[in-house]
Amino acid sequence: MLPNDFYMQPTKTVAEQLLGKQLTRIWRGKKLSGIIVETEAYLGLKDKAAHAYGGRKTERTKAFYLPGGHSYIYLIYGMYHCFNVVCGDETRPEAVLIRAIQPTMDIENPTNGPGKLCRELKIAKPLNGLPLNAPPIFIEDIGINIHKCDIKRGPRIGIDYAQEARDWALRFWIRNNAFVSRN
DNA sequence: CCCATGATGCCCT
DNA sequence: GGGCATCATGGGT
């Protein structure tokens, strides 16, 4: 498992360092696993694309304010879920969206998008706010090292409404990886 | 290739 | 009531 300190680094760093880590969901006795290949950082207070922008705290965004290393999961477009890793402490409501994984175990369908990977890993509201260091969902370092030169970055997807934050290069992905949502 | 649209439910002002 | 951190599909160029 990743130590708690890992999630207390600057959120951009966490987003980069999560590339190559393994996400595992235990479901009906099976291990559903994949390597994280694409992420996006969301920087609460100053980031107009983030649900916690300006410190907004509602029933939905509560988990955003948990200590780093917990999940933040929400429903989008009435039919998909998005899975985030909370970073920092309650004074720094930030998170990393997991946008794509490369399947390693017991996954049959594509996971090259935030909605699709949640569908495949059976990630939904009941897992919201859980720590990510124990079943039923956890992230671990399995010894894959991604070279700095193999990490690409660019603007985030689907946040054109976010004014100046629209152009911030907070999306990270592994270069030439076939399982990212887009290059 | 690009752009437009519908599905569908909840959140938030 | 408007809009959304998405996806699949269908049509035009």
Side-chain angles (χ1 to χ4, degrees), chain A residues 7 10-19 21 23 25 32 34-66 68-88 92-103 107-130 132 137 139 151-174 176-183:
Chain A
Y7 301 103
T11 299
K12 274 184 276 191
T13 307
V14 177
E16 267 192 272
Q17 304 250 322
L18 278 174
L19 298 175
K21 302 296 188 288
L23 171 64
R25 156 75 156 131
L32 312 177
I35 305 300
I36 296 170
V37 296
E38 180 182 349
T39 61
E40 280 178 3
Y42 285 86
L43 313 176
L45 299 182
K46 319 181 79 163
D47 181 359
K48 289 179 180 163
H51 294 160
Y53 170 63
R56 264 185 352 226
K57 194 173 187 180
T58 65
E59 191 57 34
R60 177 177 63 145
T61 62
K62 252 184 195 164
F64 226 112
Y65 294 80
L66 290 170
H70 287 78
S71 68
Y72 167 55
I73 297 162
Y74 65 94
L75 179 68
I76 187 72
Y77 298 110
M79 58 183 87
Y80 299 100
H81 291 272
C82 287
F83 170 68
N84 295 253
V85 174
V86 175
C87 300
R92 189 158 70 82
E94 304 188 352
V96 173
L97 171 69
I98 307 302
R99 282 196 59 87
I101 61 174
Q102 173 170 345
I107 296 175
E108 308 291 337
N109 298 300
T111 49
N112 60 334
K116 292 192 250 187
L117 78 88
C118 283
R119 193 204 293 155
E120 287 307 301
L121 295 195
K122 320 296 178 189
I123 294 175
K125 277 299 188 64
L127 299 186
N128 186 37
L130 294 188
L132 296 170
I137 186 166
I139 298 173
I151 297 179
K152 299 205 63 164
R153 60 186 296 183
R156 295 168 292 180
I157 309 287
I159 53 134
D160 284 352
Y161 60 87
Q163 299 174 24
E164 76 278 359
R166 190 185 62 144
D167 303 315
W168 296 353
L170 293 179
R171 170 173 174 253
F172 302 87
W173 68 99
I174 298 179
N176 289 335
N177 185 282
F179 299 89
V180 302
S181 68
R182 56 176 103 172
N183 288 278

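None of the values given here were measured: they were computed from a predicted structure. In what follows, every heavy atom counts, from backbone to side chain, and hydrogens, waters and symmetry copies are set aside. Chain letters run A, B, ... following the sequence lines, proteins first, then strands; residues in each count from 1.
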Contact check, residues 162-171 of chain A vs DNA chain C, heavy-atom distance under 4.0 Å, returns none
**OP:** Please indicate whether A/E108 has more than 12 foreign heavy atoms, meaning atoms of other residues, nucleotides or ligands, lying under 6.0 Å from its CD.
**Re:** no
Side chain to side chain contact (heavy atoms under 4.5 Å, CB included) for A/R56 and A/T61? Distances and angles first, verdict last. CA-CA 8 Å; A/R56 264 185 352 226; A/T61 62; 5.5 Å; no
Requested in this report: Run the numbers on A/E40 and A/C82 for side chain to side chain contact (heavy atoms under 4.5 Å, CB included), then give the verdict.
Outcome: CA-CA 12 Å; A/E40 280 178 3; A/C82 287; over 6 Å; no
For residues 115-128 of chain A, the salt bridge (Lys or Arg N to Asp or Glu O under 4.0 Å) pairs (sequence neighbours left out) are none
Give A/L75 one of three labels, base, sugar-phosphate or nothing, depending on what nucleic acid heavy atoms sit under 4.0 Å from its own. sugar-phosphate
Sorted by number, residues from residues 76-85 of chain A placing a heavy atom under 4.0 Å from DNA chain B are A/Y77, A/G78, A/M79
From CD of A/E40 across to C1' of C/dT6 the rounded distance in Å is 12 Å
Between N or O atoms, less than 3.5 Å apart, protein on one side and nucleotides 9-13 of chain C on the other: list the pairs.
none

Atom CG of A/D160 and atom C1' of C/dT6 are separated, to the nearest Å, by 14 Å
Rounded to whole Å, CZ of A/R182 lies from C1' of C/dT6 at a distance of 10 Å
*Determine, step by step, whether A/I101 and A/L121 satisfy the side chain to side chain contact (heavy atoms under 4.5 Å, CB included) criterion, reporting the C-alpha distance in whole Å, the side-chain angles of both residues, the deciding distance to 0.1 Å, and the verdict.*
CA-CA 10 Å; A/I101 61 174; A/L121 295 195; 3.9 Å; yes
Stems field, DNA chain C, Watson-Crick or wobble, 3.5 Å, at least 3 pairs, by first number, holds B:1-7 with C:6-12, B:9-12 with C:1-4
A/I157 CD1 to C/dC4 C1', in whole Å, measures 16 Å
Counted 5' to 3', the first and last nucleotides of DNA chain B within 4.0 Å (strictly under) of a heavy-atom of chain A are B/dA7 to B/dT13
Atom NZ of A/K48 and atom C1' of C/dA5 are separated, to the nearest Å, by 17 Å
